[in-house]
Amino acid sequence: MEIIIADKSGFCFGVQRAFDIAKKHFGTNFQTFGPLIHNPVILKKITQNKGKIAKNIEEINSETVVIRAHGISQKNLQKIKKRAKNIEDATCPFVIRLHQKAKEFTEKGYQLVIVGQKNHPEIKAITEDNPKTIVIFSEEEAKKLAFTKKLAILAQTTEKQEKFYKIIEILKEKSEELVFEETICNDVRERQLSAKRLAKKVELVIVVGGKTSSNTRKIYEICEKITKAHQIEGENELKTSWFKNINKVGIITGASTPTESLKKVIKKIEKIAKK
């Protein structure tokens, strides 16, 4: 059985940056505001090194707080400043850009529409600062949107590019003036293209990443439309039956999956292949 690794795997720039910021505080009593990233391996490392995850503002009781890679609303940031002396902002630069564009379009009088998941922390941070923001997840929701004179369309940084542009075409009929900015992360876009290339080469794709990771889920959705695919968090979830009569298997990771997890999955698949 041949194993092919996607040309885009391991941490993206934003996740690596967030982890590096958190690592500076390993061994001290620090907190992250929400899970730093959506990966159980990394979250375990944080808690093993005296870090704690604050689920809400009321749980913040450390001098140092690291803001999660998914970002935070300005409202919550001001509240945290009243409870912590040292705030380290690990927000992904692409998420910061999304916040900036949301603020810019809102101040110009546009009705802001974001293509993404309403309950994802990245989007919740935007809507907390801009309560009138409309969040659309599907083409069906876009078709139901009422006519609005001025629309500005942005995307969750982990959204699928193809879906984003399909929704824009629908919303062009819903407004006199429509502007948009593709705020999808460059790494996410490249990783999705890499997933398509990989899925076309193999009979099975193993997608490695956290179950709550939006970008990992999108990669899985892309792959399973082309070939057989399974999403796992770690090597222990692999099943021998998946590889029966498979000659070529591909492996790709989400942007928040560490290389160590990828290596363990490869090693386990190699063992299965020898049986």
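Values in this document were obtained by computation on a predicted structure and should not be read as measured data.
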Flag the pair Asn61 / Gln31 as yes when at least one side-chain heavy-atom distance between them is below 4.5 Å, and no otherwise.
yes

Main chain of Gly10, side chain of Thr253: is a donor-acceptor contact present, judged purely on distance under 3.5 Å?
yes

Consider only side-chain heavy atoms of I, L, V, M, F, W and Y, link residues closer than 4.5 Å, and tell whether Phe94 and Leu98 are in one cluster.
no

Taking side chain as C-beta onward, heavy atoms only, is Val95 less than 4.5 Å from His70?
no

Examine distances only and state if a side-chain atom of Lys174 and a backbone atom of Lys143 form a donor-acceptor pair shorter than 3.5 Å.
yes

Taking the side chain as everything from C-beta on, heavy atoms only, tell me whether Ile80 gets closer than 4.5 Å to Ile72.
yes

The remaining residues in the hydrophobic cluster of Leu204, counting side-chain heavy-atom contacts under 4.5 Å among Ile, Leu, Val, Met, Phe, Trp and Tyr, are Met1, Ile3, Ile5, Ile206, Val208, Ile232, Leu238, Trp242, Phe243, Ile246, Val249, Ile251, Leu262, Val265, Ile266, Ile269, Ile272

Between Lys201 and Lys248, is any pair of side-chain heavy atoms under 4.5 Å apart?
no

Please determine whether residues Phe30 and Phe33 belong to a single hydrophobic cluster, defined as Ile, Leu, Val, Met, Phe, Trp and Tyr linked transitively by side-chain heavy-atom distances below 4.5 Å.
no

Electrostatic pair Glu169-Lys172, nearest N-O below 4.0 angstrom:
yes

As an exercise, state the distance from CZ of Arg68 to CD1 of Ile21, rounded to the nearest 0.5 Å.
14.5 Å

Please determine whether a side-chain nitrogen of the Lys or Arg among Glu104 and Lys101 lies less than 4.0 Å from a carboxylate oxygen of the Asp or Glu.
yes

I'd like to know if the side chain of Lys166 reaches the main chain of Glu139, judged simply by a donor and an acceptor atom lying under 3.5 Å from each other, with no hydrogens or angles considered.
no

Is it true that Ile168 and Ile136 fall in one hydrophobic cluster, defined by side-chain heavy atoms closer than 4.5 Å?
yes

When you look at Glu128 and Lys75, which way does the salt bridge (charged side-chain N to carboxylate O under 4.0 Å, His left out) test go after all the steps?
CA-CA 7 Å; Glu128 283 168 3; Lys75 289 181 180 178; over 6 Å; no

What I want to find out is whether Glu260 reaches Lys45 closely enough, with some N-O distance under 4.0 Å, to be called a salt bridge.
yes

Applying the 4.5 Å side-chain criterion to the ILVMFWY set and letting contacts propagate, would Phe26 and Phe11 be lumped into a single cluster?
yes

Walk me through it: do Arg197 and Asp7 pass the test side-chain contact (heavy atoms from CB on, under 4.5 Å)?
CA-CA 9 Å; Arg197 291 193 296 269; Asp7 48 19; 3.0 Å; yes

Is the backbone of Asn247 close enough, under 3.5 Å, to the side chain of Glu203 for a donor and an acceptor to pair up by distance?
yes

How far apart are the C-alpha atoms of Ser62 and Asn29, what are their side-chain angles, what is the distance that settles it, and do they pass the side chain to side chain donor-acceptor pair (under 3.5 Å) test?
CA-CA 7 Å; Ser62 300; Asn29 293 314; over 6 Å; no

Say whether, by atom type as modelled, one donor and one acceptor occur between the side chain of Gln231 and the main chain of Gly210 under 3.5 angstrom.
yes

Taking side chain as C-beta onward, heavy atoms only, is Ile42 less than 4.5 Å from Ser256?
no

Does any part of the side chain of Lys81, heavy atoms only, come nearer than 4.5 Å to the side chain of Leu77, both counted from C-beta?
yes

Heavy atoms, side chains only, cut-off 4.5 Å: are Lys82 and Gln78 in contact?
no

To the nearest 0.5 angstrom, please state how far the CZ atom of Arg191 sits from the CG atom of Asn215.
6.5 Å

Any side-chain to backbone donor/acceptor pair from Arg83 onto Ile57? Under 3.5 Å, distance only.
yes

Evaluate the salt bridge (charged side-chain N to carboxylate O under 4.0 Å, His left out) criterion for residues Glu237 and Lys211: first the C-alpha distance (whole Å), next the side-chain angles of each, then the deciding distance (0.1 Å), finally the verdict.
CA-CA 12 Å; Glu237 295 174 52; Lys211 291 290 193 293; 2.7 Å; yes

State the OG-NZ distance between Ser138 and Lys144, to the nearest 0.5 angstrom.
7.5 Å

Interatomic spacing from NE2 in His99 to NZ in Lys103 - rounded to 0.5 Å
12.5 Å

Where the side chain of Lys264 meets the backbone of Asn236, is there a donor-acceptor pair that is under 3.5 Å apart?
no

Do Ile96 and Ile67 belong together in a cluster built from hydrophobic side chains that touch within less than 4.5 Å?
no

With heavy-atom distances below 4.5 Å as the criterion, would you say the side chains of Arg17 and Cys92 are in contact?
no

Sole residue of His120, Gln117, Glu159 in side chain to side chain donor-acceptor pair (under 3.5 Å) with Ser214:
Gln117

Treating Thr183 as the side-chain partner and Ala155 as the backbone partner, does any N or O pair qualify as donor plus acceptor under 3.5 Å?
yes

Taking the six-membered ring of Phe105 (Phe, Tyr or Trp), confirm whether the NZ or CZ of Lys150 is under 6.0 Å from its centre and within 45° of its axis.
no

Backbone N or O of Lys132 within a donor-acceptor pair of the Gln111 side chain at under 3.5 Å?
yes

Separation between OG1 of Thr212 and NE2 of His38, rounded to the nearest 0.5 Å:
4.0 Å

Would you compute the distance between atom CD1 of Ile219 and atom OG of Ser213 and round it to the nearest 0.5 angstrom?
7.5 Å

